[in-house]
Amino acid sequence: MAATTSFLHMRPPPSIFQISKLLGSIVKKKHYATALSLWKRAHSSGFTPSTVTLNILINCYCRIGQMDFAFSMLGKILKYGNQPDIITLTTFMKGLCINNMVGEALDFHDYLLAKRFQLNEVSYNTLINGLCKSGQIRAAIKLLNTMKRGVLKPSVVTYNTVIDGLCKYGLANEARDLCSEMIHEGIPPNIVTYNSLIYGFSSVGQWQEVIQLLNEMVLNDINPDVYTFNILVDAFGKEGRITEVHAVLAMMMKCDKRPNVVTYNTLMDGKMRRVDEALDLFKEMRCKNLIPDLVTYNSLIDGLCKSGRISYVQDLIHEMLDNGYSPNLVTYNILLDAFCKRQQLEEAIALYKQVEGQGVQPNLHTYSILIDGLCKGGRLGTALKMFHNLLINGYCQDARIYNIMINGLCAEGLFDDAINLLSKMKENGCFPDSVTYETLIRALLGKGENEKGKKLLLEMVARGLLKR
DNA sequence: ATAGGGTTAG
C-alpha cells in the first residue's frame with residue numbers, strides 16, 4: 001500500500017488512465033478491498049473517476065457483496081454526465097447473480113430491454129451462468145435456445161457455460177449431447193468444454209467416458225492443461241485412489257505441465273487426515289516458488305485444527321495475514337468449528353459476533369456449526385432461538401440443520417419436542433433423511449422408549465430410507 | 001490504452 005500511495009503523489013501526477021490500469025491489475029489478483037481502499041485515497045487526493053474507473057469499482061463492490069455501493073457507483077456515472085455502457089450493465093448483472101439475486105438480474109435485463117439498451121453476447125452469457133449457478137439449469141437451456149433463434153448467437157462460451165452447469169448437476173450425459181449439438185452447429189469444443197465434461201464424468205465415476213474424452217481431445221489436437229490434470233487429481237483423490245493420483249501426476253510431468261497452487265491444494269486436501277504429509281507438501285510448494293493462496297491456508301488451518309495442532313494454527317493465520325489474505329467465511333467456519341469442538345463456546349460466540357460485525361453474511365454451514373456447538377455446550381435455549389430465527393428467515397429446506405437440532409433435543413431427553421420437530425420439518429416441505437430417523441430411533445431405544453422407536457423405524461422403512 | 005462472460009481446489 002505504501003508503494004501505491006507514493007504512486008498517487010508522483011510528479012507529474014498519474015493520469016486517471018494509469019490509476020484505472022493499476023486498479024485493474026489489483027482486481028485481476030482478486031484483491032477487491034485493496035483496490036477500493038486505494039481508490040478512496042486517490043479520490044481524496046482529488047482524482048476524478050472515469051467510466052472505466054467506476055466500472056472497476058462496481059465490480060469490486062459486487063465481489064465483496066456490497067450491492068448498494070455498487071448501485072451508487074452506477075448513479076455516479078450519471079452524475080458525472082456519462083452513460084453507463086454495456087460493461088457497466090453487464091458487471092452489475094454479474095454482481096446481482098453472484099450475490100444470489102438472479103431474479104433481480106433477469107428483471108434488470110427486462111428493464112434494459114424495455115429502455116432499448118443494447119446488450120451483447122457477454123451479457124447473455126452472464127445471465128445464463130447466473131441461472132446455472134443458482135441451480136436453474138432448465139431456465140438456462142431455455143435462454144440458450146432463445147439465443148439460437150435471435151441475433152446474438154451462442155458462442156463456445158455460451159455452450160460451455162450450460163455444459164458445465166449440466167455437469168455440476170450430475171447430468172454429464174446430457175452435457176455430452178449438448179456438446180454434440182454444438183459441433184453440429186459448427187462450433188468446435190475447446191479445452192474448457194473438455195474439462196467440464198471430464199469433471200462431469202469423473203465426479204460420477206464414469207471413468208470409461210473420461211478416458212474416451214481424453215482420447216478424443218488428443219485426436220482433436222487439444223492438449224490437456226493444468227485444469228484437466230487438477231480435475232483428475234481431485235476426482236481420484238476423493239475416491240482414495242492414490243495409485244491413480246500418482247499416475248496423473250506422472251502424466252502431467254510427461255506433458256510438461258507444472259503443478260500449480262491448485263494442484264497442491266488438491267493434493268493437500270486429499271491428505272488432510274495425514275497432516276504431516278500435507279505440511280510436507282506445503283513446504284515443497286514454497287520450495288517451488290508457488291505462492292500459497294487463501295484456499296491453501298484454509299485447508300491447512302482446517303487440517304491442523306482437526307488434528308489438534310492449535311499452536312501452529314496461530315502462526316499460520318499470522319503468515320496468511322502477512323501475505324495479504326483476509327480470512328473469508330470459510331476461514332471463519334473452520335475456526336468456529338474448532339472452538340465448538342474444543343468446547344470453547346465463549347470464544348466461538350465472540351468470533352461469530354465479530355464476523356457479523358464485519359458485515360460478513362454467515363451461511364447455513366456457519367449456523368449448523370454454532371447450533372451444534374450450543375447444544376453440546378449445554379446452551380439448548382440459545383440454540384433453539386437461533387434455529388427458529390433460521391426457519392423464519394427461510395432456511396427451512398435443509399435436513400442437516402433439523403438433524404442437528406433434533407440431536408440436541410434428544411441429548412437433553414426432550415423426545416416429544418424432537419418428534420414434534422420431525423413433524424414440523426415435514427410440514428415445511430423438508431424431507432427427513434436417514435440421519436434424521438437414525439438420530440431419533442437411537443435416542444428413543446437408548447432410553448427404553450421402544451414403542452415410539454419402533455413406530456419411527458416403520459416410518460423410516462416405509463419411506464425407503466433404510467440402508468440395505 | 002484501463003473495465004464485463006465459460007473450466008479445477010475448501
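Since we're looking at a predicted model, the values are computed, not measured. In what follows, chains carry the letters A, B, and so on, assigned in the order in which the sequence lines appear, proteins first and then strands, with residues in each chain numbered from 1.
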Taking only side-chain nitrogens and oxygens of A:Lys21, does any of them come within less than 4.0 Å of OP1 or OP2 of B:dA3? no
Near DNA chain B, under 4.0 Å by heavy atom, which residues of residues 281-298 of chain A? A:Asp293, A:Val295, A:Asn298
Of the nucleotides B:dG4, B:dT2, B:dT7, which one has an atom closest to the side chain of A:Val192? B:dT7
Assess, by modelled atom type and distance only, whether the side chains of A:Thr366 and A:Asn363 contain a donor and an acceptor separated by less than 3.5 Å. yes
Looking for any heavy atom pair under 4.0 Å, which part of the strands does A:Ser155 touch: base, sugar-phosphate only, or nothing? base
Using a 4.0 Å heavy-atom cut-off across all strands, classify A:Asn328 as base, sugar-phosphate, or nothing. base
Taking atom types as modelled, is there a side-chain donor on A:Asn129 or A:Asp164 under 3.5 Å from an acceptor on the other? no
Counting distance alone, no hydrogens or angles: does the base of B:dG4 have a donor or acceptor under 3.5 Å from a partner atom on the side chain of A:Asp85? no
Under 3.5 Å, is there a donor-acceptor pair between the side chain of A:Gln18 and the main chain of A:Ser15? yes
Tell me whether the OP1 or OP2 atom of B:dT7 has a side-chain N or O from A:Lys133 closer than 4.0 Å. yes
In whole angstrom, what separates A:Ile56's CD1 from B:dA1's P? 15 Å
Assign A:Thr90 to base, sugar-phosphate, or nothing according to its heavy-atom contacts below 4.0 angstrom with the strands shown. base
Ionic contact status for A:Asp276 with A:Arg309, cut-off 4.0 Å: yes
Run the salt-bridge test on A:Arg176 and A:Glu209 with the 4.0 Å N-O cut-off and return the result as yes or no. yes
Give the rounded distance in Å between these two atoms: CG of A:Leu54 and C1' of B:dT2. 13 Å
A:Gln358 atom CD, neighbour heavy-atom count above 12 within 6.0 Å: yes
Closest listed nucleotide, where the reference is the side chain of A:Asp164 and the choices are B:dT7, B:dG10, B:dA3: B:dT7
Between residues 217-241 of chain A and DNA chain B, which residues have a heavy-atom gap below 4.0 Å? A:Tyr227, A:Asn230, A:Ile231, A:Asp234, A:Lys238
Please give me every residue in residues 264-271 of chain A whose heavy atoms get under 4.0 Å of an atom in DNA chain B, ordered by residue number. A:Asn265, A:Thr266, A:Asp269
Just by distance, with hydrogens left out, do A:Gln354 and A:Tyr332 show a side-chain donor and acceptor under 3.5 Å apart? no
Other residues, nucleotides and ligands only: do more than 12 of their heavy atoms fall within 6.0 Å of CZ on A:Phe47? yes
With heavy atoms under 4.0 Å as the rule, sort A:Asn333 into base, sugar-phosphate or nothing. nothing
Taking CG from A:Asn82 and P from B:dA3, how many angstroms apart are they, rounded to a whole number? 18 Å
Would the A:Tyr61 and A:Phe71 ring centres measure less than 6.0 Å apart? no
Of all the heavy-atom pairs spanning A:Ser196 and A:Cys167, show the shortest one and how long it is. O-SG, 3.3 Å
Using atom CG of A:Leu57 as one end and atom C1' of B:dG4 as the other, report the distance to the nearest whole Å. 14 Å
Polar side-chain atom of A:Asn190 near backbone of A:Val192 as donor-acceptor pair, under 3.5 Å: yes
Give a yes or no on whether A:Tyr169 atom OH has more than 12 heavy-atom contacts from other residues, nucleotides or ligands under 6.0 Å away. no
